[in-house]
Amino acid sequence: MLKQLTNAQVWVHDQDEALDFYTEKLGLELREDVTVPELGNFRWLSVGVPGQPDVAITLMAIPGPPVFDAETQAAIRTLVAKGVASGLFFATDDVHGTYEELKSRGVEFSQEPTEQPYGVDAGFRDPSGNQMRVAQRS
Amino acid sequence: MPVAHPASHLLRAKDLADARYRHPLDVKALAVAARLSPAHFSREFRREFGESPHQYLLNRRLERAAALLRMTDRSVADICLTVGLRSVGSFTTSFGRMFGMTPTQYRAAHPPALTRVYVPTCVLMGWAPRPDTARLEKTEAQDLASVASG
């Protein structure tokens, strides 16, 4: 039986840019950052929500050959940029406050806080284009 | 209008330390968040949480630094800056007081980060070095030829 979700992965165009966004703008904390020379300098980079130590978000660079052929790499980059590759869903106790706070730090919102049957939620994007949502459940 | 419990202002300062420890943040800034004078704030914070705000913020930074020493391969200087401290010398001294060893010794006392971080099998397989395909094909062709001629 599966016990626990430990990591969610998002493809990012630039790991340094992503790390800056997720830590400095969203307020997440750096969890793991290891570069492996034996794997072509593969970099395992993860961040997480402070206070939730058992779940991390892996910020994965989109690899080229030999892991993916150039065409696949380009296709993933395009899908990520279009915001259709993946997404993350966050929770907050105060979606309006979070919206104002993140917006003041330069986060680009695709949707202002909106009433929904389940509460209020808002949408934003990371610098690569990944869709993120933050919801205050009622 | 309900009056907020005095501790809620202190909690706001504590939350600020938790959320923004990576940034230049001092007791004065925390006192502003709690809407108290720095001296009064420090006394009240200690009474409520059992340690001074300075020590709380420092502990938060040192705990994070210890995690980064275990879970990353970043340099000590880089980790010092990442957790919001500016002086590597002071960092090393404070770290030693808390953990009884230098940051470098602490890292050496734990297994290398690569053995602790979760790099899944699919990554190890996908990113593994590939042999020189052209040379491999040539060798295979030679092997087949030798089998055929043998």
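What you are looking at is a predicted structure, and each value in this text was computed from that prediction instead of being measured. Reminder, nothing fancy here: chain letters follow the sequence lines and each chain counts from 1.
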- With a 4.5 angstrom heavy-atom cut-off, which part of B/R20 approaches chain A: side chain, backbone, both or neither?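 B/R20 touches chain A through side-chain heavy atoms alone.
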Quick check on the hydrophobic clustering: are [X] and [Y] connected, directly or via other members, by side-chain heavy-atom contacts under 4.5 Å?
| X | Y | answer |
| --- | --- | --- |
| B/Y106 | B/V76 | yes |
| B/F49 | B/L62 | no |
| B/L30 | B/L11 | yes |
| B/V88 | B/Y21 | no |
| A/V12 | A/V47 | yes |

So which heavy atom on [X] is nearest to which on [Y], and how close?
| X | Y | answer |
| --- | --- | --- |
| A/V34 | B/V117 | CG2-CG1, 3.7 Å |
| B/Y118 | A/W44 | O-CZ2, 2.6 Å |
| B/R130 | A/P66 | NH2-O, 3.3 Å |

Hey, is [atom1] on [X] packed in by over 12 heavy atoms from elsewhere, all under 6.0 Å?
| X | atom1 | answer |
| --- | --- | --- |
| A/H13 | NE2 | yes |
| A/R137 | CZ | no |
| B/E51 | CD | yes |
| B/R86 | CZ | yes |

Just verifying a value: how many Å separate [X] [atom1] and [Y] [atom2], rounded to the nearest 0.5 Å?
| X | Y | atom1 | atom2 | result |
| --- | --- | --- | --- | --- |
| B/L68 | A/R31 | CG | CZ | 10.5 Å |
| B/R22 | A/L30 | CZ | CG | 9.0 Å |
| A/L39 | B/L114 | CG | CG | 8.0 Å |

- Message: Quick check on the interface: out of B/D18, B/V123, B/L124, who has the most heavy-atom pairs with chain A under 4.5 Å?
- Response: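 Winner by heavy-atom pair count: B/V123.
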- Using a cut-off of under 4.5 Å for heavy-atom pairs, which of B/A19, B/A67, B/A128, B/P120 has the most such pairs with chain A?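 Heavy-atom pair counts peak at B/P120.
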- Item | Contact leader toward chain B among A/T23, A/T6, A/V36, where contacts are heavy-atom pairs under 4.5 Å |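 Top count of heavy-atom pairs under 4.5 Å with chain B: A/T23.
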- Message: Check A/E29 with B/R60, please: is the shortest side-chain N to carboxylate O separation under 4.0 Å?
- Response: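 Yes.
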- Test item: A/E32 and B/V119 side chains (from C-beta on) under 4.5 Å apart, heavy atoms: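 Sidechains of B/V119 and A/E32: no contact.
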- Query: When you measure from the side chain of A/D33 to the backbone N and O of B/R74, does any donor-acceptor pair fall under 3.5 Å?
  - Reply: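 The answer is no, because no donor-acceptor pair under 3.5 Å joins these two groups.
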